[in-house]
Amino acid sequence: MQHMIVYLNGDYVDIHDAVISPLDRGFLFGDSVYEVIPVYQNQLFAEKEHLDRLTHSLAAINIPQPLDHAEWVNIFNQLLSYPHEGDRMIYVQVTRGAYAERLHASPAAIVPTIFVAALPVTKKDVSQGIRAITVNDIRWNLCRIKATTLLANVLAKDAAQRLDTHDAIFIREGFALEGTASNLFVVKNNHVFTPPLSANILPGITRQLVIDLLRQQDIMITERMIAATELVDADEIWLTGSVSEIVPVIMLDQRPISHGNVGIFYKKATEWYKNNLEKHYA
Ligand SMILES: Cc1ncc(COP(=O)(O)O)c(C=O)c1O
């Protein structure tokens, strides 16, 4: 990794000098949560929504929110002020902290570890669509928490790559939920569907923005469960995420979606998404 200044527990240090104890519970137990905040033109996008979700994730695992909104934003902007090349995103991770003993139960007197970095992002051109597979959802039952324990997501992504595809969609009890790092949208007969928020779906910031943008344009959009069998004859499938934005899936489990071409709704939704960004940074 190139030299970069990161924030660790109150200090700004070179990433090569950033040291975390092996007794940190994030390392030992995956006892930690994270956020990814997109950056456009070196400015934060939707940081309030991301910080609100971080607060919810922390509360869900009983870690006190260590900083207030202004303190977080100061750190992000400080990191973004350092010279860099290419696109970046803000990565935030808060672990329960390091403790002298390896105890499953969380110790009362423990100080959270806070790590923030403006990490490089390689943006791929996905406008021609990606190939994906479906996989059995072996994740835990609280995927709405943005926890760093992402082993099932890693295995699903690896399975997708072994099959020369780009991503995987999780199927649980016959329903399609979301991608390995994205929310799911399906278009059928000029109607857009996305699974409703539940314990096993991350409340994606991009998901909500896309829903709002579609509603503003009077597109029929309904939040409802999507049976895995509906994916097969969907007119369009998209995956959404803060850094990836809207990604059209044109092959699923080796079968073409929308004849293997990106759909008209994807094109419109992407245009509205880009327009919204342009308005934001005008
Ligand atoms: C499992 C999962 N679902 C959905 C998303 C999309 O969330 P957002 O739009 O807030 O980036 C992510 C993002 O990392 C994710 O990991």
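Worth knowing before you read on, the calculation uses all heavy atoms, side chains too, and leaves out hydrogens, waters and symmetry mates. First listed ligand is number 1; within each ligand, the first listed atom is number 1.
When only modelled atom types and interatomic distance are considered, Asp212 and Gln216 share no side-chain donor-acceptor pair under 3.5 Å. Residues Thr148 and Ser32 have side chains that bring a donor and an acceptor to within less than 3.5 angstrom of each other.
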Anything under 3.5 Å between a donor and an acceptor, one on a side chain of residues 188-197, the other on a protein residue two or more places apart or in another chain? List them.
unit_1, atom_1, unit_2, atom_2, d
Lys188, NZ, Asp233, O, 2.6
His191, NE2, Thr222, OG1, 2.6
Thr194, OG1, Leu184, O, 2.5

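Here Arg172 does not pair with Glu178 in a salt bridge; the nearest charged N to carboxylate O distance is not below 4.0 Å. Under the 4.0 Å criterion applied to side-chain N and carboxylate O atoms, Arg53 and Glu35 are assigned as salt-bridge partners.
Looking from atom 7 (O) of ligand 1 to the surrounding protein, the closest heavy atom is Gly204 CA, 3.5 Å. Scanning the protein heavy atoms around atom 14 (O) of ligand 1, the nearest turns out to be Lys146 NZ, 2.9 Å. For atom 8 (P) of ligand 1, the closest heavy atom belonging to the protein is Ser242 OG, 3.4 Å. At the shortest separation from atom 9 (O) of ligand 1 among protein heavy atoms lies Thr206 OG1, 2.6 Å. Ranking protein heavy atoms by distance to atom 3 (N) of ligand 1, first place goes to Glu178 OE1, 2.7 Å. Ala181 CA, 3.3 Å is the protein heavy atom nearest to atom 16 (O) of ligand 1.
Residue contacts with ligand 1 for Thr180 involve N, CA, C or O but no side-chain atom from C-beta outward (heavy atoms, distance under 4.0 Å). Contacts of Ser182 with ligand 1, taken as heavy-atom pairs under 4.0 Å, involve the backbone alone.
Annotation: cation-pi geometry not satisfied between Arg25 and Tyr99 (NZ/CZ under 6.0 angstrom from ring centroid, within 45° of ring axis).
Using a 4.0 Å cut-off to heavy atoms of Arg53, the atoms of ligand 1 that qualify are 7 (O), 8 (P), 10 (O).
Not close to ligand 1: Glu49, with no non-hydrogen atom less than 4.0 angstrom away. Judged by the shortest distance from any of its heavy atoms, Thr240 lies inside the 4.0 Å radius around the atoms of ligand 1. Ligand 1 is never approached by Leu209 to a heavy-atom distance shorter than 4.0 Å.
Pairs passing the salt bridge (Lys or Arg N to Asp or Glu O under 4.0 Å) check and including a residue from residues 86-105, sequence neighbours excluded, read Asp31-Arg96.
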Stepwise side-chain hydrogen bond (donor to acceptor under 3.5 Å, both in side chains) test for Ser198 and Asn200: CA-CA 5 Å; Ser198 69; Asn200 289 319; 5.4 Å; no
